[in-house]
There are 2 protein chains.
Amino acid sequence: MSRNYHHGALAEAMVDQALADVRVQGAEHVSLRSIAQTLEVSPSSAYNHFADKDDLLRAVGACGLAALDERMARVLAAHPADNPDAARARFSGLGRAYLAFAIDETHLFQLTFGPICAVQEIPPEDTGPYNKLTTALDDLDRWQLLKPGIRSDLDLMVWASTHGMATLLVEGAVPPESVDAFIDSMARLVFIEGALSAAEGR
Amino acid sequence: MSRNYHHGALAEAMVDQALADVRVQGAEHVSLRSIAQTLEVSPSSAYNHFADKDDLLRAVGACGLAALDERMARVLAAHPADNPDAARARFSGLGRAYLAFAIDETHLFQLTFGPICAVQEIPPEDTGPYNKLTTALDDLDRWQLLKPGIRSDLDLMVWASTHGMATLLVEGAVPPESVDAFIDSMARLVFIEGALSAAEGR
DNA sequence: GCTCCTATGTTGACATTGTTCACATGAGAT
DNA sequence: ATCTCATGTGAACAATGTCAACATAGGAGC
């Protein structure tokens, strides 16, 4: 009652608060009512902006995807792909960024790629994480750093690997220390012999 | 009241019913009360056998893991690893079994590897899916079918890949048709050149 | 500047859920 | 036959998602 939200900012405020709550408790334990209470707003006001609790959570999941994409974009920006070393650094850096996101933002990661936020199939004109991976692989291919004959469907393979490793990290099935082993193993699989640097990534 | 469960079978009955419910509605939408109601039992009776709703769900998740393991065991039993072709078939077959489980039992897969059932780190004497993968890789190595130098940490890599692909399938991020592309890509990465068979697996 | 409409927030209510506590009861050991 | 403990019951509580009827503020149109 102190502040009233008759200025259209409630939707954003709820997403922000939900995002904060998801970060600390995980999506399973956030409650519409407590969000409303924190914002000093009636529980039912949410239904003017979101069809559903899940609808709100989907908005939070979209924030998660955006955060991941931003991390990956930063990696690309840091390494202009104008030489082989940078191309390798891009590739490994993208992987590390993905895994770091999973480790740092476990709950957000789980929501973003969980059952609530159905990830739609990647559209051709996508500019998100998947597209960034594809361009990194194209760069590697252009510099002839990939083992011969493996380029086709490599996007799917690398995406699945990295996403799977992230999931295993998040579930605690694998300790964070094994990230290096994973990245090394990946490098051994895809890079031509002799092109392995001692410390992949950064 | 018709049948009373004073014979100790309630725990199993609840797990069975919960398993059935998870299969159709997904773990997020199963309710202790409705399970009790189906079994014609009081809601609170569950607490004589399970600490918690999550405790019951963890039992269901264990069933899921067992079902997955059984599928993989069937693959190993079907291909005695006494020749190179069989060793390759084992490897690809295990991958296909994992992915088939994810596709057939989406909800159970999500529960088994979801936040509720924290997957503990793999113990050294494990005999489950991870161990089966390791032995399949050892077989490939013994027959010298792997590209040189990639064996170390390959378990982690292959596990992550397959698990990640399964997750992508379950989330709908990738259509079931791409399983073949995934398996082929995997084969291109790990098998020595010339050892690729036209139809990996079966 | 007045009026009306629509977007937005409130009140109160309902059904459902997980969980607990005090109590009943039945089967097996003594 | 009695005692005891494991197991199931009944009633209750707090919390949650959701909805329908209602209030109101602030801008659009005159």
Side-chain angles (χ1 to χ4, degrees), chain A residues 1-62 107 110-111 114-118, chain B residues 1-62 107 110-111 114-118:
Chain A
M1 194 184 282
S2 49
R3 306 266 314 125
N4 76 19
Y5 275 94
H6 267 280
H7 49 303
L10 217 203
E12 293 179 29
M14 298 202 86
V15 173
D16 288 350
Q17 184 60 42
L19 176 60
D21 286 6
V22 166
R23 278 196 159 107
V24 347
Q25 331 169 6
E28 333 278 306
H29 298 114
V30 310
S31 116
L32 261 195
R33 291 183 105 107
S34 83
I35 291 173
Q37 193 171 353
T38 308
L39 264 42
E40 292 181 293
V41 152
S42 153
S44 45
S45 58
Y47 291 83
N48 285 310
H49 305 273
F50 305 96
D52 220 325
K53 179 190 182 183
D54 284 3
D55 197 30
L56 170 59
L57 287 179
R58 270 188 289 273
V60 177
H107 289 136
Q110 271 166 333
L111 172 60
I116 298 175
C117 308
Chain B
M1 193 183 285
S2 48
R3 306 271 316 128
N4 78 17
Y5 275 94
H6 268 280
H7 49 304
L10 217 203
E12 293 178 30
M14 298 202 86
V15 173
D16 287 351
Q17 185 59 43
L19 176 60
D21 286 5
V22 165
R23 277 195 161 107
V24 349
Q25 332 168 5
E28 335 277 306
H29 298 114
V30 310
S31 116
L32 262 195
R33 292 183 104 107
S34 86
I35 291 173
Q37 193 170 353
T38 309
L39 262 42
E40 291 180 295
V41 152
S42 154
S44 45
S45 58
Y47 290 84
N48 285 309
H49 305 273
F50 305 96
D52 220 328
K53 179 189 181 184
D54 283 4
D55 197 29
L56 170 59
L57 287 179
R58 270 188 289 272
V60 176
H107 289 137
Q110 272 166 332
L111 172 61
I116 296 174
C117 308

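A quick note: this is a predicted structure, and the numbers were derived from the prediction, not measured.
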Exercise: identify the closest heavy-atom pair between [X] and [Y]:
X	Y	answer
A:Val15	A:Ala59	CG2-CB, 3.9 Å
B:Leu32	B:Ala46	CD2-CB, 4.2 Å
A:Ile116	A:Arg58	O-NH1, 3.5 Å
A:Lys53	A:Val30	NZ-O, 2.9 Å
B:Leu111	B:Gly61	CD2-N, 3.9 Å
B:Phe50	B:Ala11	CZ-O, 3.8 Å

Among the nucleotides [options], which one has an atom lying closest to any side-chain atom of [X]?
X	options	value
A:Ser45	C:dT10, C:dT19, C:dA13	C:dT10
A:Leu32	D:dG8, D:dG17, D:dA12	D:dG17
B:Tyr47	D:dT18, C:dT19, D:dG8	C:dT19

Legend entry - Contact nearer the 5' end of DNA chain D, comparing A:Ser34 with A:Ala51: A:Ser34

Inset, instruction - Go through the N and O atoms of the side chain of B:Ser44 and the base of D:dG10, and report whether any donor-acceptor pair is under 3.5 Å. - result: yes

Legend entry - Bend angle of the helix from C:dG1-D:dC30 to C:dT30-D:dA1, from helix axes over five pairs at each end, nearest 10°: 10°

Inset, instruction - Assign B:Ser31 to base, sugar-phosphate, or nothing according to its heavy-atom contacts below 4.0 angstrom with the strands shown. - result: sugar-phosphate

For [X] and [N], give me the distance from atom [atom1] to atom [atom2], rounded to whole Å.
X	N	atom1	atom2	result
B:Met14	D:dG8	CE	P	9 Å
B:Asp52	C:dT17	CG	C1'	13 Å
B:Ile35	C:dT17	CD1	P	11 Å
A:Asp21	D:dT16	CG	P	11 Å
A:Asp55	D:dT18	CG	C1'	14 Å
B:Glu12	D:dT7	CD	C1'	15 Å
A:Gln25	D:dT16	CD	C1'	14 Å
B:Leu10	C:dG26	CG	C1'	15 Å

Sequence neighbours excluded and cut-off under 3.5 Å, please list the side-chain donor-acceptor pairs for residues 20-28 of chain B, or say none.
from	atom 1	to	atom 2	distance (Å)
B:Asp21	OD1	B:Gln17	NE2	3.0
B:Arg23	NE	B:Glu105	OE1	2.9
B:Arg23	NE	B:Glu105	OE2	3.3
B:Arg23	NH2	B:Glu105	OE2	2.9

Inset, instruction - Tell me whether the OP1 or OP2 atom of D:dA6 has a side-chain N or O from B:His49 closer than 4.0 Å. - result: no

Inset, instruction - Please figure out whether A:Asn48 or A:Arg33 has its closest DNA chain C nucleotide nearer the 5' end. - result: A:Asn48

